[in-house]
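Please read the structure below before turning to the comments.
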Amino acid sequence: MTAPRDLVATAIRDALRRAATDRGWTGADVAVDVERPADPGHGDYASTVALKLARPLRKSPREIAEEIRSRVATGDGIAAVEVAGHGFINVRLDTSWLARQVDDIVSAGTDFGRLDALKGQRIQVEFVSANPTGPLTLGNARGGPLGDVLSSLLAFAGAAVTREYYVEDGGTQVKHFGESIAVRYRQLLGENVELSPEGYPADYVKDLAAQIKQRDGDRYRSLSLEEQGKIFAKIGIDWVVEDAQRVMAKLGIRFDEWFRQSSFIESGYFQKTIDDLRRMGRLVDRDGAVWFDAPEMPEDKEGWVVIRSNGDPLYLGTDIAYHRLCLFERGFDKKIDVWGANTHYHLVQMKVALAAFDIDERRWEVVLYQYVRFLNEGVIQRMGKRTGQFLLLEDVLDAVGVDATRFFLLQRSADAPLDFDLELAVQQSNDNPVYYVQYAHARIASIFRTAAERGLTVDGADVSALTSPAELDLVRLCLRFPELVAEVLEHKGVHLFTSYALELAGAFHSFYRDNRVVDEGDVPRSKARLRLVQAVQVALRQTLGLLGVSAPEKM
RNA sequence: GGCCCCGUAGCUCAGUGGAUAGAGCAGCAGCCUUCGAAGCUGUUGGUCGGGAGUCCGAAUCUCCCCGGGGUCGCCA
């Protein structure tokens, strides 16, 4: 089906081209976009192209608009074109054409809004990727729905998407984690040892130590702390990853790949990347460490460490190798990372480093989201596994449910920080806007149940009976879904789907109040309206589907 | 101090170049013998942090300032 916006844009584009030829305009070769006017009195779509052409053509916008307007072909969906204001070209759609879209929406079904813009592209979306040193917190979780919905959207646009969780099972934090378990283990064996300042104080570390002691007893007693740490870190990471898989599934997210850092350390790919960088003259040795030389960043004249003086690879070093691996060896056309905003400087470093490998910058994108903070006894706090201050994702899921959690995390723009008050969330979970949307969907399902009880079906519906402003406005709103898909694909603001879902649900609830759908006294109208609400249900289902929120038949 | 994000109604936030700036919550006044009241209708509420600039047009872009958060480590 042709999207109305494209239909209108094409018609105006053609009219402009004809006007330019007829009048001998030069410099009129500009992009023609149409938008939805805020005021419905201004029609269904409006173009500001005449305003933009006023200066290059040295003519009044109204004059240009008039030349274009008189050449726009009406019929085929377009009912009327008029010039308004300073030179807006307002277009009104043909209402019978609009009504016919209802049939197209319903028959499109799960394909409604689908695109093939990204067909043939292999895209990896990497998200969450929390340090594997503890259970997932609500802070880690924010990237979950963001990355998941972005992945769904890209797939909806035709891409072959891989959802990837990067498990950083090496490095300093993992070492601290393992040794923290070892300290707790030793304490259980009666030794008088204390956690180091870098250690992890949280209870799950004690639980892990207890599990190890219960299973293996004191067989690690004679090992050094470092040796114990190595063994326990492995056990700990396996436990954390398994737990993360379980909780992510609970959040409705299924990753295609849990990709371990150790895999490319062991394969030698990390070393190969270091060797190549050295050959390219991008590395210098200083103080026993290996530094990436970044003359592009004069304020960081020392460069950045990629291998520590103790020989351990550092975050930046492994991440360079990891990204190179994804973009050059693993066959992804594009990698999109969903990262917390605290990594923004890492992003700057990575851009410089990957440029050294001539990676086309369009092949790598980062979506940064602001941090989640939480309210603890009325005080706002940052979450951190190392501080032992956090709110577990699983606790939130158990308290407020998966749909409400997802919707809550998706409602705000990634650029906006998010404060979370668990007590308030539990108390208000019934007020969560997600139920408003789901209720609209369930209500429509209920209408169909009622219709069936009264012997009415949608079969043979003639949508030309849909002529009232209320009915047509509902169609217009449904038709906005495909436009929104295209917009979000361009700007990545997946939170806009929640706004749209709320708006569509609200429009339906109002319609429902004022317009009886099932009316045995007027079967043709009932059938047409059943078809209409079916289209609304399709649009709602498509939106909720992208958001990963269920669309219940009953609540 | 450098860099990133934010500042919009009492509160939480949408809107990022178009015409008269929106929603939810909170407040106030109403609506269930009629397809689900987890709903609906009406109403109160704004120097879009401040200033300058660009533009036919700025909440939106640029610059300066103010306020809040983040980050600048041989942590990730």
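Chain naming here is simple, since letters A, B, ... match the order of the sequence lines and numbering starts at 1 in each.
- Positionally, the nearest nucleotide of RNA chain B for A:Leu368 lies more toward the 5' end than for the other of A:Leu368 and A:Gly506.
- Contacts of A:Ser446 with the nucleic acid, taken as non-hydrogen atoms under 4.0 Å apart, include base atoms.
- Considering only side-chain atoms of A:Pro37, the nucleotide from B:rC75, B:rG69, B:rA19 that sits closest is B:rA19.
- Between A:Lys301 atom NZ and B:rG2 atom C1' the separation is 13 Å, expressed in whole Å.
- If you check every strand for non-hydrogen atoms under 4.0 Å, A:Ala416 touches sugar and phosphate atoms only.
- Within 4.0 Å (heavy atoms only), A:Arg516 reaches at least one base atom of the nucleic acid.
- Between the side chain of A:Ser309 and the base of B:rC74, at least one donor-acceptor pair of N or O atoms lies under 3.5 Å.
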Report task. Give the intermediate values and the outcome of side-chain hydrogen bond (donor to acceptor under 3.5 Å, both in side chains) for residues A:Asp300 and A:Trp304. Result -> CA-CA 8 Å; A:Asp300 287 341; A:Trp304 308 307; 2.9 Å; yes
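- Residue-level contact check: A:Asn90 touches the bases, meaning some heavy atom is under 4.0 Å from a base atom.
- Judged by the 6.0 Å and 45° rule, A:Arg443 forms a cation-pi pair with A:Tyr512.
- When heavy atoms are screened at a 4.0 angstrom cut-off, A:Asp287 is found touching base atoms of the nucleic acid.
- Between A:Thr343 atom OG1 and A:Asp337 atom CG the span is 9.0 Å, to the nearest 0.5 Å.
- Ring-plane geometry between A:Phe264 and A:Phe259 is classed as parallel, the angle between the planes falling under 30 degrees on a 0 to 90 degree scale with a further cut at 60.
- Among B:rG18, B:rC74, B:rG70, the nucleotide with an atom closest to any side-chain atom of A:Asn342 is B:rG70.
- Rounded to whole Å, atom P of B:rC13 lies 21 Å from atom OH of A:Tyr436.
- Nucleotides B:rG73 and B:rC61 are separated by 36 Å at their C1' atoms, to the nearest Å.
- B:rG49 and B:rU8 have their P atoms separated by 6 Å, given to the nearest Å.
- By the 5.5 Å and 30° criteria, A:Phe88 is stacked with the base of B:rA19.
- Side-chain contact of A:Tyr200 with A:Gln173: a donor-acceptor pair under 3.5 Å is present, judged by distance alone.
- Nucleotides B:rG22 and B:rU44, compared at atom P, are 14 Å apart to the nearest Å.
- A salt bridge does not link A:Lys175 with A:Glu198: none of the charged nitrogens is closer than 4.0 Å to a carboxylate oxygen.
- You'll find a donor-acceptor pair under 3.5 Å spanning the side chain of A:His344 and the base of B:rC3, going by distance alone.
- The side chain of A:Glu168 lies closest to B:rA76, out of B:rC35, B:rC5, B:rA76.
- Using a 4.0 Å heavy-atom criterion, one finds that A:Leu347 contacts no nucleic acid atom at all.
- Taking only side-chain atoms of A:Glu35, from C-beta outward, the nucleotide of B:rG18, B:rG70, B:rG39 with the closest atom is B:rG18.
- Look at CD1 on A:Ile89: it is 19 Å from P on B:rG57, rounded to the nearest Å.
- For the pair A:Arg449 and B:rG36, the criterion of a side-chain N or O lying under 4.0 Å from OP1 or OP2 is not met.
- Within 4.0 Å (heavy atoms only), A:Asp39 reaches at least one base atom of the nucleic acid.
- An anti base is found at B:rC63: its glycosidic angle is more than 90° from 0.
- A gap of 31 Å separates the P atoms of B:rU71 and B:rG10, to the nearest Å.
- Annotation: of the two residues near RNA chain B, A:His42 and A:Ala442, the 5′-most nearest-nucleotide partner is A:His42.
- Taking atom OH of A:Tyr369 as the reference point, atom C1' of B:rC4 lies 15 Å away to the nearest angstrom.
- Here the side chain of A:Tyr435 is nearest to one of B:rC35, B:rA38, B:rG36, namely B:rA38.
- The only option from A:Trp339, A:Tyr166, A:Phe255 that meets the ring pair (Phe, Tyr, Trp, His ring centres under 6.0 Å) definition with A:Phe127 turns out to be A:Phe255.
- Comparing the same atom, P, in B:rG46 and in B:rA9 gives a spacing of 10 Å after rounding to whole Å.
- Candidate nucleotides B:rA19, B:rC5, B:rG36 were compared by shortest atom distance to the side chain of A:Ala38, and B:rA19 ranks first.
- For A:Ala46, taking side-chain heavy atoms from C-beta onward, the closest of the listed nucleotides B:rA19, B:rC5, B:rG39 is B:rA19.
- On a pure distance criterion of 3.5 Å, no polar donor-acceptor pair joins the side chain of A:Asp431 and the base of B:rA26.
- For the P atoms, the distance from B:rA19 to B:rA58 is 10 Å, rounded to whole Å.
- Using a 4.0 Å heavy-atom cutoff across all strands shown, A:Arg55 reaches sugar-phosphate atoms only and no base atom.
- The interatomic distance linking A:Asp415 (CG) with B:rG69 (C1') rounds to 13 Å, in whole Å.
- Here B:rG15 is the nucleotide among B:rC40, B:rC13, B:rG15 with the atom lying nearest to any side-chain atom of A:His495.
- Donor-acceptor pairing under 3.5 Å is recorded for the side chains of A:Ser262 and A:Asp169.
- In this structure, A:Ser413 reaches the sugar-phosphate backbone alone: every heavy-atom distance under 4.0 Å involves primed, P, OP1 or OP2 atoms, never a base.
- Within the structure, every side-chain polar atom (N or O) of A:Ser499 is placed at least 4.0 Å from both OP1 and OP2 of B:rG15.
- The ring of A:Tyr512 lies on top of the base of B:rC35, close enough and flat enough: under 5.5 Å between centres, under 30° between planes.
- Among the atoms of the strands shown, none is found under 4.0 Å from any heavy atom of A:Pro61.
- Using atom C1' as the reference point in both B:rA59 and B:rG15, the two lie 8 Å apart (nearest Å).
- Using a 4.0 Å heavy-atom cutoff across all strands shown, A:Asn432 reaches no nucleic acid atom at all.
- Side-chain polar atoms of A:Gln438 and A:Ser550 form a donor-acceptor pair below 3.5 angstrom.
- For A:Tyr345 and B:rC5, the OH to P distance is 16 Å, given to the nearest whole Å.
- In this structure, A:His509 atom NE2 and B:rG24 atom C1' are separated by 13 Å, rounded to whole Å.
- Distance noted for atom P between B:rC11 and B:rG17: 27 Å (whole Å).
- A:His346 comes within contact range of no nucleotide atom at all, as no heavy-atom separation falls under 4.0 Å.
- The side chain of A:Thr172 lies closest to B:rC75, out of B:rG69, B:rG36, B:rC75.
- Between the OG atom of A:Ser510 and the CG atom of A:Asn515 there is a distance of 10.0 Å, given to the nearest 0.5 Å.
- Checked against B:rG36, B:rU34, B:rA14, the side chain of A:Lys554 finds its nearest nucleotide in B:rG36.
- Between A:Met297 atom CE and B:rC72 atom C1' there is a gap of 10 Å when expressed in whole angstrom units.
- A:Gly171 comes within contact range of the sugar-phosphate backbone alone, with a heavy-atom separation under 4.0 Å but no base atom that close.
- Across all strands shown, A:Thr48 has heavy atoms under 4.0 Å from base atoms, whether or not it also approaches the sugar-phosphate.
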